[in-house]
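Below you'll find the structure, written out as structure tokens, and then a few comments.
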Amino acid sequence: MRNLVFTVTATAVALLGGIASAQTDITVAIQLEPPNLDPTGGAAQAIDSVLYSNVFEGLTRFEGDGAVVPGLAKSWDISSDGTVYTFNLNSGVMFHDGTSMDAEDVKFSLDRARSEDSTNAQKGLFSGITDVSVVNSRTVKVTLDQPNGSFLFNMAWGDAVIVAPESIENIASNPIGTGAFTFSDWVQGDRLELVRNDSYWGTAAVLESATFRFISDPTAAFAAVMAEDVDVFVGFPAPENLPQFEADARFQVLVGNTEGETILSTNNKMPPFDNLLVRKAVAHAIDRQAIIDGAMFGYGTPIGTHFAPHNPDYVDLLGNSSYDPAKAKALLVEAGFPDGFSTTLKLPPPSYARRGGEIIASQLRQVGINAEISNLEWSQWIEEVFKAKDFGLSIVSHTEPMDIGIYANPEYYFQYDNPVFQALMIELNATADPVGRSALLAKAQKIISEDYVNGYLFELAVATVAKAGVRGLWVNQPTAAVDLTVVSWAD
Amino acid sequence: MKRGLIIGSFLSLVFMGLACISFLWVPYDIETLEIANKLKKPNFNHWLGTDHFGRDIFSMIMMGARTSIAVALLAVGIGVAIGVPLGLFSAARRGSFIDEIIMRGNDLIFAFPSLVIAILITAVFGASAVNAIVAIGIFNIPVFARLTRAAALPLWERDFVLSARVCGKSEARISIEHIFPNITNLMIVQGTIQFSLGILAEASLSYIGLGAQPPTASWGRMLADAQTLVSIAPHVALVPGLAILLMVLGLNLMGDGLRDLFDPRIKVERT
């Protein structure tokens with residue numbers, strides 16, 4: 001039967017002969033498969049990669065260059081004291097199950113995210129909200145406990161998307177949003193399919209359907225792109241292969257920024273890393289450029305603090321931790337470790353960690369620190385490092401945008417506990433004035449850089465490899481997302 | 001037939017020689033990375049080129065040979081040390097309940113796909129060279145136990161064993177003094193074959209990241225690291241691949257040659 005259909009189609013195509021029409025479907029590969037499909041309940045980046053903007057939308061949203069633009073809210077008014085945001089919602093917005101999206105849904109989504117028993121991975125985004133009230137079906141008023149300069153930014157996160165009470169129960173397996181694509185099918189371990197939402201409230205997508213595939217193995221990724229099994233690979237895992245794609249006319253390679261600060265995570269509570277001098281010694285023992293060249297084949301920007309270098313508020317603090325093994329050795333002597341010490345270096349699967357880990361271990365050995373490498377799968381890493389905090393050193397890329405606030409949480413896995421920094425973050429959240437915020441952010445970057453909380457390595461670059469005819473892809477990754485709403489094929 | 005033995009012994013000895021020399025001298029320190037020098041083609045300074053961290057591949061092969069041989073040798077050692085006494089004991093108590101238990105226990109281990117269990121062991125107890133040795137070693141036990149028992153059984157019916165018994169020697173003494181010396185040839189042949197399988201198993205485990213951990217060099221991991229580089233620097237993958245191939249080929253040829261040499265029946269046929 002299928003053969004018959006195929007033959008008929010093929011004949012029809014042959015008869016039409018030469019009338020070329022642009023392709024209307026696309027196959028996109030990303031590295032990791034989402035564990036579930038609830039962006040408001042899971043921490044995994046892969047959930048947002050698949051669903052952000054495609055299926056779910058928030059009041060505001062990120063554009064490819066990182067700008068925050070209106071989303072479901074077409075406009076908003078901010079009270080003069082900066083604590084009351086009145087959002088005017090777009091009209092005619094429907095959820096994919098046919099129910100309408102109105103102020104009640106916004107109230108439901110925000111209240112759900114900030115409630116006591118919320119499982120939202122970024123609850124901090126909502127912590128300043130004291131009240132959400134429905135003015136009328138198109139207007140919703142959000143009251144904050146104090147002015148928050150990044151509130152509109154916060155509302156653009158994938159964790160702050162608007163969901164409906166009618167469909168919330170099965171959101172993890174059947175996500176119902178308002179986006180330009182509807183969720184169609186998820187064959188776990190294989191693919192996830194989206195189809196165009198023809199009753200979309202905004203500008204409809206060009207593509208009729210999209211398939212996501214999940215390929216984490218670098219060799220398999222290379223083979224899949226080369227064989228043209230996938231049209232686009234967002235976050236291509238093997239930087240060493242990029243020059244080959246660049247040289248091949250069938251493909252285009254887009255290398256952009258991410259919000260991924262790749263750091264040598266250091267357990268600040270575990271001796272000897274509770275000693276500032278030891279952390280400083282580690283920082284001076286590391287040659288960032290060697291790591292970028294060796295692990296990332298040159299793709300990546302060195303960072304001296306936990307902040308994205310393409311952000312206008314970034315302060316260049318690379319000088320605090322310049323590569324100087326002699327100084328590192330002297331600092332170790334000063335700290336009371338003339339013969340060095342041994343520690344663990346637990347590495348998750350991505351190549352920046354595995355390869356970077358070998359390089360860092362070798363660099364640390366030069367100053368007498370013996371870092372014993374153990375390679376972990378992601379689930380083991382989450383258990384041992386992130387939850388149980390049983391590690392000395394680790395390497396991981398923190399891909400959330402503007403996440404310097406994690407240093408204010410002493411329970412966070414690297415366990416940095418500094419009241420001065422915590423007070424600074426509270427002050428930052430209360431400041432709406434851009435100049436004041438810049439100054440505070442600069443101060444925050446300096447504190448963590450001078451406290452050598454972690455080893456700051458480089459800002460992760462993201463490589464997207466696509467067929468030459470694909471248009472409209474994001475080059476940068478201001479948030480984990482594969483926004484397909486404006487993607488099309490060149491004729 | 002002799003030719004196989006010579007070629008096999010030569011290949012095996014070359015790698016064992018490299019491993020031994022590595023204790024005294026390697027061309028370059030493989031724990032020092034020279035990123036600027038990465039992926040160099042074979043040249044006068046680096047005979048087999050450099051890898052993606054700028055390490056000298058020839059030095060890595062030498063150090064990797066040491067790891068492979070040490071793991072495989074110790075794994076065979078575990079098999080011999082436990083398997084042979086078990087087999088001798090079973091043969092001495094042939095037909096008894098305890099013999100039955102030992103042999104069925106061996107069958108049980110034998111029935112599991114060895115590499116899968118090795119993966120399980122290293123995944124549960126952590127990936128390290130020691131765990132790889134244990135995991136591979138466990139599967140050598142039934143091989144040696146069965147072989148020993150099978151070879152020992154007919155010996156127990158022989159006259160020289162009978163006379164030993166008449167002299168009042170215990171079963172244990174007979175096993176050690178009369179049975180064991182008569183099966184050592186067989187053990188050497190089997191040991192060589194298990195040794196080559198051990199090299200392969202070590203390479204497989206470290207290929208999937210469950211063998212010796214960095215910075216310890218390992219052929220399997222060299223191969224895994226080189227995987228995405230095949231299209232830009234083929235030698236990085238080719239060299240460890242060839243090393244594994246030649247070493248295993250050498251041991252197999254040597255094992256076959258030794259068997260022919262030791263087996264009196266084949267000798268008779270040839271003359």
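Note that the coordinates shown come from a computational prediction; the quantities given were computed from them, not determined experimentally. To find a chain, count down the sequence lines: A is the first, B the second, and so on, and within it residues start at 1.
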Quiz item: Out of A:L376, A:D217, A:T219, which one racks up the most heavy-atom pairs below 4.5 Å with chain B?
Solution: A:T219
Exercise. Pick one of side chain, backbone, both or neither for A:Q244, based on which atoms fall under 4.5 Å of a heavy atom in chain B.
Key: side chain
Quiz item: Which bit of B:L210 comes within less than 4.5 Å of chain A, counting heavy atoms only: side chain, backbone, both or neither?
Solution: neither
Quiz prompt | For chain B, which residues of residues 341-351 of chain A have heavy atoms nearer than 4.5 angstrom | solution = none
Quiz item: Are B:T32 and A:Q366 close enough that some pair of their side-chain heavy atoms sits under 4.5 Å apart?
Solution: yes
Quiz item: So which heavy atom on B:T228 is nearest to which on A:P218, and how close?
Solution: CG2-CB, 3.3 Å
Practice problem: Quick one: pull up CD in A:E240 and CG in B:L229 and give me the separation to the nearest 0.5 Å. | Solution: 5.0 Å
Quiz item: Do A:F222 and B:V230 have side-chain heavy atoms sitting under 4.5 Å apart?
Solution: no
Quiz item: Can you tell which of B:S231, B:S128, B:A233 has the highest number of heavy-atom pairs within less than 4.5 Å of chain A?
Solution: B:S231
Exercise. With a 4.5 angstrom heavy-atom cut-off, could you sort out which part of A:A361 is near chain B: side chain, backbone, both or neither?
Key: neither
Quiz item: Quick one: OG on A:S362 to CD1 on B:I35, what's the gap to the nearest 0.5 Å?
Solution: 7.5 Å
Self-check item: Non-hydrogen side-chain atoms of A:E358 and B:R55 separated by less than 4.5 Å
Solution: yes
Quiz item: Given that the side chain runs from C-beta out, which part of A:R354 has a heavy atom under 4.5 Å from chain B: side chain, backbone, both or neither?
Solution: neither
Quiz item: Which answer fits B:E31, side chain, backbone, both or neither, if we ask what part of it has an atom under 4.5 Å from a heavy atom of chain A?
Solution: both
